[in-house]
Amino acid sequence: EIPGARWKLPCYICHRRGGACIQCVSRNCYTAFHATCAQHAGLYMKMEVLKKAEGDKTTNVRKVVYCDVHTPGEEGPQDDDSAGITVGKPVISKSSTPRAPPSDLLK
């Protein structure tokens, strides 16, 4: 289930509000963007299946995604900003002013 507030966040890449946005996992960064916009922009995105408990039929995943400012190099994240991710924890900005993406993301 996607929290209702996610549908209201503007994507900083395409500037549209339609569709649910995800947010950068870096501490204190609330930059929101659509998953497909992030893929097209080449942002760092990783999804890993968490180990299931015996008999558990639910598959939990940990998603790690960074905005352009916090996207790590090819070697992956340098610090462990994603360590505080909790499955199902909504992270929504209280700021109503989205920042503009760098011009190279809009190409």
Side-chain angles (χ1 to χ4, degrees):
E1 194 170 312
I2 300 171
R6 290 233 179 252
W7 298 93
K8 296 176 184 173
L9 293 171
C11 174
Y12 91 105
I13 298 169
C14 75
H15 304 287
R16 294 186 185 136
R17 287 187 188 265
C21 285
I22 56 178
Q23 292 174 290
C24 178
V25 299
S26 186
R27 287 184 193 105
N28 298 318
C29 182
Y30 302 103
T31 302
F33 38 84
H34 298 111
T36 52
C37 290
Q39 288 174 325
H40 290 290
L43 299 183
Y44 181 94
M45 299 178 79
K46 182 180 174 185
M47 186 182 310
E48 56 189 45
V49 177
L50 299 175
K51 188 176 181 179
K52 290 188 194 185
E54 199 172 316
D56 188 1
K57 301 218 185 282
T58 306
T59 301
N60 289 318
V61 295
R62 182 171 115 169
K63 300 168 201 115
V64 179
V65 61
Y66 291 92
C67 68
D68 64 299
V69 172
H70 299 111
T71 293
E74 291 180 23
E75 63 281 347
Q78 294 301 308
D79 55 33
D80 200 8
D81 279 349
S82 63
I85 295 174
T86 305
V87 176
K89 176 183 171 190
V91 180
I92 297 169
S93 173
K94 293 184 184 195
S95 170
S96 60
T97 9
R99 66 182 174 85
S103 58
D104 60 321
L105 286 181
L106 300 175
K107 293 179 184 174

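The two residues His34 and Gly19 come nearest to each other via the heavy atoms NE2-O, 3.6 Å. Looking at every heavy atom in both residues, Ile22 comes nearest to Val65 through CD1-CG1, 3.9 Å. Cys67 and Cys29 make their closest contact through SG-SG, 3.8 Å (heavy atoms, listed as atom of the first residue, atom of the second, distance). Contact between Cys21 and Arg6 at its shortest, heavy atoms only, is O-CD, 3.0 Å.
With sequence neighbours left out, Lys8 forms a salt bridge (charged side-chain N to carboxylate O under 4.0 Å, His left out) with no residue at all.
In summary, of the residues considered (Thr36, Leu43, Thr31), a side chain to side chain contact (heavy atoms under 4.5 Å, CB included) with Ile13 occurs for Leu43 alone.
Met45 and Phe33 fall within a single hydrophobic cluster, where Ile, Leu, Val, Met, Phe, Trp and Tyr are joined by side-chain heavy atoms under 4.5 Å apart, directly or via other members.
You'll find the side chain of Tyr12 reaches within 4.5 Å of the side chain of Asp68, heavy atoms only.
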